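Here the structure is a predicted model, which means the values were calculated and not measured.
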Amino acid sequence: MLIGYARVSMTAQNLHLQKDALHKAGCEKIFVDQITSRAYNRPGLEKAMELLRSGDTLVVWRLDRLGRSLKHLIELITQLDGKGIGFKSLTEAIDTTTSGGKLTFHLFGALAEFERNLISERTKAGLAAARARGRNGGRPPALNPQQQELTVKLYKEGKHTIREICQMMGISKPTLYGYLKKANSKLRKAKNS
């Protein structure tokens, strides 16, 4: 069975073009969403996924109607393939029920993985170069060492609330807790030495 899925981003847009193409392709049922592709909750797509069985094919007018990103698209189609369900995109002429369609899809997947690896390699090289110049990643401390000691002292005195200390020092609660943790770690190391 061919199951269609159509999506537009805004309610002002209409689905006629997509629905007509899906009907012409032979889809027996068509599910729709009028929602941005970035939305995680897409009821129409969820219903289509529930209905699909092994041997069925999910059909879309264009790839960008289905996935939020290339990674998401690959995950969805891999999930379908694992259940024995085909995928067809009318505009890009991709049909994973054919050898050529599977090849095209796997090329997309390989290119996406290649891109992820390049980004990872560039990031690692950039961090290594920064470390070689004496720079470590992350934000610089909000307070200098003397201010950090004062913050810990104010906390230990117990005369001020955490909120008051954060306001006085111009820091957030997580930053305060980080300084407390660092001070406790130094204290434990000193005791163990």
Side-chain angles (χ1 to χ4, degrees), residues 5-13 15 31-52 58 60 63-80 82-83 108-193:
Y5 175 69
R7 183 189 58 78
V8 290
S9 298
M10 297 179 277
T11 53
Q13 297 173 321
L15 293 156
F31 295 89
V32 300
D33 280 319
Q34 291 187 304
I35 193 165
T36 177
S37 66
R38 298 278 180 226
Y40 283 89
N41 185 20
R42 293 193 272 168
L45 180 59
E46 289 170 14
K47 287 178 186 171
M49 297 296 274
E50 287 171 13
L51 183 66
L52 288 162
L58 178 64
V60 295
L63 284 174
D64 67 351
R65 301 296 89 199
L66 181 63
R68 293 188 300 268
S69 63
L70 182 58
K71 180 183 178 206
H72 179 245
L73 187 63
I74 290 168
E75 287 170 359
L76 276 173
I77 297 174
T78 302
Q79 179 185 350
L80 291 172
K83 295 178 180 179
F108 280 153
L111 289 172
E113 185 176 348
F114 178 70
E115 180 184 19
R116 281 192 302 272
N117 290 339
L118 280 178
I119 291 168
S120 175
E121 287 173 10
R122 284 193 301 260
T123 302
K124 287 176 185 174
L127 289 171
R131 278 192 290 276
R133 290 189 308 273
R135 295 194 59 209
N136 288 323
R139 290 183 180 175
L143 304 176
N144 65 38
Q146 293 80 18
Q147 292 170 319
Q148 290 178 31
E149 286 177 26
L150 175 60
T151 302
V152 172
K153 182 180 174 189
L154 289 170
Y155 175 81
K156 288 182 177 179
E157 287 175 351
K159 295 179 184 177
H160 302 281
T161 66
I162 290 173
R163 186 176 183 184
E164 289 171 340
I165 295 169
C166 290
Q167 286 177 342
M168 282 189 279
M169 302 307 291
I171 57 174
S172 66
K173 287 181 185 179
T175 300
L176 170 63
Y177 292 130
Y179 293 149
L180 294 172
K181 184 177 177 181
K182 184 176 165 184
N184 287 336
S185 177
K186 281 183 182 178
L187 187 61
R188 277 194 298 275
K189 283 181 183 177
K191 284 182 181 179
N192 292 336
S193 296

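- In this structure, NZ on K47 lies 11.5 Å from OH on Y5, to the nearest 0.5 angstrom.
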Could you walk me through whether Y155 and V152 satisfy the side chain to side chain contact (heavy atoms under 4.5 Å, CB included) test, starting with their C-alpha distance in whole Å, then the side-chain angles of each, then the deciding distance to 0.1 Å, before giving a yes or no? CA-CA 5 Å; Y155 175 81; V152 172; 5.6 Å; no
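- Residues T175 and S172 bring a donor and an acceptor atom of their side chains to less than 3.5 Å of each other.
- Atom CD1 of I171 and atom CG of L143 lie 5.0 Å apart (nearest 0.5 Å).
- Residues in residues 181-190 take part in these side chain to side chain donor-acceptor pair (under 3.5 Å) pairs, two or more places apart or across chains: Q148-K182.
- Closest non-hydrogen pair, M49 versus L76, comes out as CE-CD2, 4.0 Å.
- Of all heavy-atom pairs spanning L58 and L52, the tightest one is CB-CD1, 3.9 Å.
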Sequence neighbours left out, cut at 3.5 Å: what donor-acceptor pairs do the side chains of residues 161-170 make with other protein atoms?
residue: T161; atom: OG1; partner: E164; partner atom: N; Å: 3.1
residue: E164; atom: OE1; partner: T161; partner atom: N; Å: 3.0

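- Judged by distance alone, the side chain of Q147 and the main-chain N or O of N144 form a donor-acceptor pair under 3.5 Å.
- D33 places a side-chain N or O within 3.5 Å of a backbone atom of L45 that can act as its donor or acceptor partner.
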Candidate pair L15 and R7, rule side chain to side chain contact (heavy atoms under 4.5 Å, CB included), full reasoning: CA-CA 7 Å; L15 293 156; R7 183 189 58 78; 5.6 Å; no
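- The heavy-atom pair separating G44 from F31 by the smallest distance is O-CB, 3.3 Å.
- The shortest heavy-atom contact between L63 and V60 is N-CG2, 4.4 Å.
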